[in-house]
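Written below as structure tokens is the structure these notes are about.
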Amino acid sequence: MKHESYDPHTIEERWRDFWRERGYFRVDTAHPKRKFYYLNMFPYPSGYLHVGHGRNYIIGDAIVRFLLMRGHDVLNPMGWDAFGLPAENAAIERGIHPRDWTLANIAYAKNQFRAWGIEYDWEREVTTCLPDYYRWTQWLFLKLYENGLAYKKRAAVNYCPNCKTVLANEQVVGGECERCGTPPEQRELDQWFFRITAYADRLLADLADLAWPDHVKKMQENWIGRSEGATIAFRCEGGEEIRVFTTRPDTLWGATFLVLAPEHPLVDALTVPERRAEVEGYRRAAGRASEIERLSAEREKTGVFTGSRALNPVTGEPIPIWIADYVMPTYGTGAIMAVPAHDERDFTFARAFGLPIRVVIAPPDGPVLDPHAMGTAYTGPGTMVRSGPLSGTPAATAIARTIAYLEEQGIGERTVVYKLRDWLISRQRYWGAPIPIVYCDRCGVVPVPEEDLPVLLPEVPFIGKMGLADIPGYADTVCPRCGGEARRDTDTMDTFVDSSWYFLRFVSPHAEEVPFVTEDVNRWLPVDLYVGGVEHAILHLLYARFITKALHDLGYVGFTEPFRRLFTQGMVCHTAYKCPQHGWLYPKEVDDLRCTKCGQEVATSYFAMSKSKKNVVEPADIIQRYGADTERLYTLFMGPPDRDIEWSEEGIRGAWRFVNRFWNLVVGQLPHLAGIAGEPDPSRFGPAERALWQKLHATVKKVTEEFGERLGLNTAIAAIMELANEAAAYVEGPGPDLQLVRAVLSRMILLLSPFTPFLAEELWQRLGEERAILDTPWPEYDPRAVAGDEVEVPVQINGKVRTRLRLAAHAASDPDALREAALTAPDVQERLRGHEVQRVIAVPGKLVSIVVR
RNA sequence: GCGAAGGUGGCGGAAUUGGCAGACGCGCUGGCCUUAGGAGCCAGUGCCGCAAGGCGUGCGGGUUCGAGUCCCGCCCUUCGCACCA
């Protein structure tokens with residue numbers, strides 16, 4: 001080897017602490033000139049970060065380095081979402097305290113960041129499980145409580161018997177506990193809720209202004225689930241009033257029965273004695289049925305008749321009242337009017353139980369519907385028929401006219417309902433922020449005074465699944481109001497409360513009197529770019545938006561949305577092996593696709609990296625073999641950041657080879673470049689120089705633009721590779737222009753520096769540059785140089801490219817000259833012989849298309 | 001069922017505005033170098049064909065001088081929601 005070969009370990013060790021010592025990633029939040037709040041979703045400290053986690057932070061570090069070079073004041077903090085069940089469960093397994101486990105993981109992860117070359121302002125570190133943070137989570141609870149946004153109620157809630165705690169609706173995914181997959185049970189419990197439903201309309205409306213991926217907005221929209229319709233009152237024969245919600249009030253004349261949810265409060269009163277046994281039996285069965293069973297749309301419809309009737313308010317006809325579990329107790333009023341002719345579910349139910357079907361909507365131009373012949377409900381548009389005074393109303397105005405009529409008659413009114421329900425935040429586990437509430441026999445529910453915060457987690461040896469209620473003495477306290485004996489609330493808050501405001505704390509992490517300094521957060525928020533996994537599309541992002549709006553209304557912040565732009569990065573997948581007998585296997589337990597324990601053939605598949613599937617790749621191994629720069633480069637190169645990608649052992653070698661080639665290119669040129677300074681002089685360029693010069697400027701443009709809207713970092717890297725390939729070919733050629741070589745190499749180092757910061761800093765210094773890269777402005781490009789002075793223009797004949805012309809840029813941009821050049825080109829002439837030219841389309845700078853016969 | 005995203009070589013993926021399909025990388029093939037190669041370098045590599053040429057972006061139609069890109073109708077994959085009245 002004629003020069004020093006690339007040794008990532010020496011290089012990376014040299015620069016690792018340089019950035020920290022120089023404080024490049026610190027920011028003065030009080031005096032930003034061009035502020036940019038970049039935020040990665042903070043991690044859950046679960047043990048270690050694998051290369052899949054790394055992707056999130058590597059994307060962020062590259063963007064932040066770019067922004068710094070562009071002269072922004074970047075707030076780029078990092079912290080730990082440190083409370084929660086997994087730490088508790090891991091601690092139980094290991095027989096240690098969740099705090100010790102968590103803090104050890106944090107220390108380990110910080111070293112991993114350092115190894116990756118990812119720097120943060122660690123003076124802003126926020127750890128949600130420490131009292132100086134959760135004190136303010138409790139403060140948040142108190143503020144919501146004082147303003148009627150936190151309340152306690154007894155309700156049927158989802159309880160996970162395995163995790164031994166209740167769950168929010170958002171944490172029941174597909175009828176299973178989000179954490180452990182156990183189907184939750186319904187339990188009647190006294191629990192704390194946050195009144196997120198009070199913000200349903202604004203959470204929905206404000207989505208419009210967010211620069212978020214459409215699918216994430218759509219998911220939130222669906223989750224909030226706004227429906228417009230009417231509430232209609234039905235008088236029962238026994239005098240009770242049943243209110244139903246419907247989106248189709250125009251079908252009211254076709255309502256032939258009512259259905260209540262089994263849990264509906266009027267069921268008892270409406271059940272006649274001879275039906276009581278059957279109704280009670282059905283209610284008990286419905287209570288036991290898990291959420292999955294009950295929500296399955298394919299399930300047979302079941303229900304029972306209460307024996308009572310109500311009067312259809314517009315026809316005066318008595319109609320039977322049933323109960324059925326296809327009606328949800330918590331949506332709308334928990335009761336529906338059934339219009340079997342025009343609603344699929346009601347139709348199925350009516351057919352199953354022989355209930356009458358009455359057609360009140362006539363399809364346009366269609367045959368008159370015959371209730372006996374219908375195989376399915378007609379839910380399409382049509383004219384109202386058999387609907388008393390409203391008969392003949394066309395579809396377009398039917399709903400609005402019916403609502404007006406109902407309001408006139410005093411039977412009902414326009415109503416908007418949401419699927420969104422209040423956020424259940426009580427958890428019966430230890431590792432969370434205690435709810436700062438005291439129960440006193442004399443004073444009732446008493447909030448802990450702000451000055452008494454934090455309510456500390458009790459210091460106990462940690463022995464097993466437990467809540468604060470299991471810890472002797474924890475609940476005993478005195479009432480803050482009367483000083484008498486009282487009991488503490490023994491629940492902790494959902495960890496999503498912790499993460500619903502952490503982005504505010506980062507701005508003023510050391511404030512002791514307040515959770516954050518309003519003036520400062522107003523200067524820095526909303527977050528300019530928030531990057532994280534799409535799995536938080538609903539839970540975290542909806543909660544954080546809600547809390548921000550609540551804090552806004554209470555006067556603590558001046559903005560209503562926390563995250564202006566959201567980017568969701570894809571997951572890193574990797575081969576996973578499964579043995580029919582031994583389950584998931586580590587790659588080292590597989591030989592020639594057979595299990596090393598039993599010799600059976602293993603199944604291979606691709607999954608997002610996870611410990612449970614034993615398919616994680618450890619950054620330490622990769623860094624040991626190739627260095628952090630190679631891992632970073634490969635991570636960003638292997639696919640667009642918003643898509644899932646597949647980690648491959650071969651792929652990383654490609655990145656490794658590039659890093660080596662680049663090193664060899666620059667280090668190989670160093671002896672020639674000593675003493676070479678100044679910008680190259682384009683007037684002295686030959687064709688090879690002009691081509692390279694153009695490529696350089698085009699590459700600067702490309703890379704710069706990819707850091708904008710698209711974040712196509714994979715193609716930015718590809719562009720740099722192209723430039724490197726051309727530069728390598730150029731320096732091998734005859735008599736290279738050394739000023740040009742220096743210009744190309746030094747700018748290429750800058751372009752590469754967000755991706756491979758160690759390598760870039762090292763080569764930059766070896767090139768003799770005095771300033772560090774992060775003190776150097778990002779390279780500029782000259783649009784004229786990008787355009788170049790000669791272009792290649794393809795010529796199509798009947799839609800096929802037949803030849804390419806090399807033309808001066810000015811000729812290519814003039815349609816007439818372009819047309820002329822194409823038609824006179826010898827090989828075009830050749831092809832046109834014997835044909836009649838019908839049409840010539842010359843697109844300046846692009847191509848010429850000739851149509852012949 | 002509803003909604004969203006996607007389907008391009010052997011593979012990961014490019015093609016940003018209707019204008020050269022397959023950039024860049026992996027893999028593969030051949031060669032060089034080497035005691036050796038899971039190192040490095042050079043060349044080739046969408047498919048069919050000796051070639052000229054033809055065919056090619058899930059399938060079928062359409063618009064256009066020109067379609068991966070736009071329109072209509074399907075198929076498949078992934079994700080989200082799912083008896084929400």
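If you're wondering where the values come from, they're calculated on a predicted model, not measured in any experiment. Below, chains carry the letters A, B, ... as their sequence lines are ordered, and counting in each starts from 1.
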### Query
Within 45° of the ring axis of A:F607 and under 6.0 Å from its six-membered ring centre, is that where the NZ or CZ of A:K613 lies?
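Flagged: A:K613 positioned over aromatic ring of A:F607.
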### Message
Could you tell me if A:K419 sits above the aromatic ring of A:Y331, with its cationic atom closer than 6.0 Å to the ring centre and no more than 45 degrees from the axis?
### Response
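Judged by the rule (NZ or CZ under 6.0 Å from the ring centre, within 45° of its axis), A:K419 is not positioned above A:Y331.
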Tell which nucleotide pairs with [N], taking only Watson-Crick or G-U wobble pairs whose two distances are both under 3.5 angstrom.
N	answer
B:G6	B:C76
B:G38	none
B:U57	none
B:C70	B:G62
B:A23	none
B:C33	none
B:C83	none

Looking only at side-chain atoms of [X], point me to the closest of [options].
X	options	value
A:Q796	B:G19, B:C24, B:A85	B:G19
A:R661	B:A14, B:G25, B:A85	B:G25
A:M219	B:A85, B:G19, B:G80	B:G80
A:T715	B:A39, B:G12, B:A15	B:A15
A:V851	B:C65, B:C41, B:A85	B:C65
A:S227	B:A14, B:A85, B:A21	B:A85

By the 4.0 Å heavy-atom rule, please label [X] as base, sugar-phosphate, or nothing.
X	answer
A:K419	base
A:S849	base
A:N798	nothing
A:N714	sugar-phosphate
A:P213	nothing
A:N725	sugar-phosphate
A:R802	sugar-phosphate
A:V843	base
A:E650	sugar-phosphate
A:E706	base

### Query
Are any side-chain N or O atoms of A:D422 and backbone N or O atoms of A:T197, one a donor and one an acceptor, separated by less than 3.5 Å?
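Flag set: sc A:D422 to bb A:T197 pair under 3.5 Å.
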#### Entry: Test item: A:R545 side-chain N/O and A:L203 main-chain N/O as donor-acceptor pair under 3.5 Å
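Here the side-chain-to-backbone pair exists.
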Just how far, in rounded Å, is [atom2] of [N] from [atom1] of [X]?
X	N	atom1	atom2	answer
A:Y418	B:C81	OH	P	21 Å
A:I717	B:A14	CD1	P	12 Å
A:D343	B:C2	CG	P	16 Å
A:K217	B:C79	NZ	P	24 Å
A:H574	B:C11	NE2	C1'	15 Å
A:W647	B:G13	CH2	P	15 Å
A:I720	B:G25	CD1	P	13 Å
A:R243	B:A85	CZ	C1'	16 Å

### Message
Are more than 12 heavy atoms, taken from residues, nucleotides or ligands other than A:E241, located less than 6.0 Å from that residue's CD atom?
### Response
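Yes, the 6.0 Å shell around CD holds more than 12 heavy atoms from other groups.
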### Query
Is A:E344 atom CD crowded by more than 12 heavy atoms from other residues, nucleotides or ligands, each under 6.0 Å away?
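Buried by this count: over 12 neighbours within 6.0 Å.
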How far, in whole Å, is [M] from [N] if one measures between their [atom1] atoms?
N	M	atom1	result
B:C72	B:U63	C1'	11 Å
B:G22	B:G13	C1'	10 Å
B:G60	B:G6	P	22 Å
B:G46	B:G9	P	13 Å
B:C71	B:C48	P	34 Å
B:C11	B:C2	C1'	35 Å
B:G10	B:U78	C1'	23 Å
B:A14	B:G68	C1'	12 Å

Under 4.0 angstrom between [X] side-chain N/O and [N] OP1 or OP2:
X	N	value
A:R710	B:A15	yes
A:R657	B:C26	yes
A:R839	B:C65	yes
A:R625	B:G38	no

### Message
Do A:Q220 and A:H215 pair up side chain to side chain, a donor and an acceptor below 3.5 Å, judged on atom types alone?
### Response
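No.
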### Task
Using only heavy-atom distances, determine whether the side chains of A:Y626 and A:N660 contain a donor-acceptor pair under 3.5 Å.
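Note: A:Y626 and A:N660 side chains miss the donor-acceptor criterion.
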### Message
Angle between ring planes, A:W423 versus A:Y543, binned at 30° and 60°: parallel, tilted or perpendicular?
### Response
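Parallel.
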### Task
Could you tell me which non-hydrogen atom of A:R55 sits nearest to which non-hydrogen atom of A:M571, and how far apart they are?
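Taking every non-hydrogen atom into account, NH1-O, 3.7 Å.
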### Query
Pick the nucleotide of RNA chain B nearest each of A:G225 and A:D644; which residue has the one closer to the 5' end?
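Nearest-nucleotide comparison on RNA chain B picks A:D644.
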### Task
Would you mind telling me which residue lines up with the more 5' stretch of RNA chain B, A:Y331 or A:R643, judged by nearest nucleotide?
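Mapping each residue to its closest nucleotide by heavy atoms, the 5'-most match is A:R643.
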### Query
Is the base of B:G44 syn or anti, where syn means the angle lies within 90° of 0?
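Anti.
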### Under-3.5 Å donor-acceptor pair between A:K301 side chain and B:C83 base
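Yes, the side chain and the base share a sub-3.5 Å donor-acceptor pair.
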### Query
With distance as the sole criterion, do the side chain of A:K702 and the base of B:U16 form a donor-acceptor contact below 3.5 Å?
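Side chain to base: pair found, below 3.5 Å.
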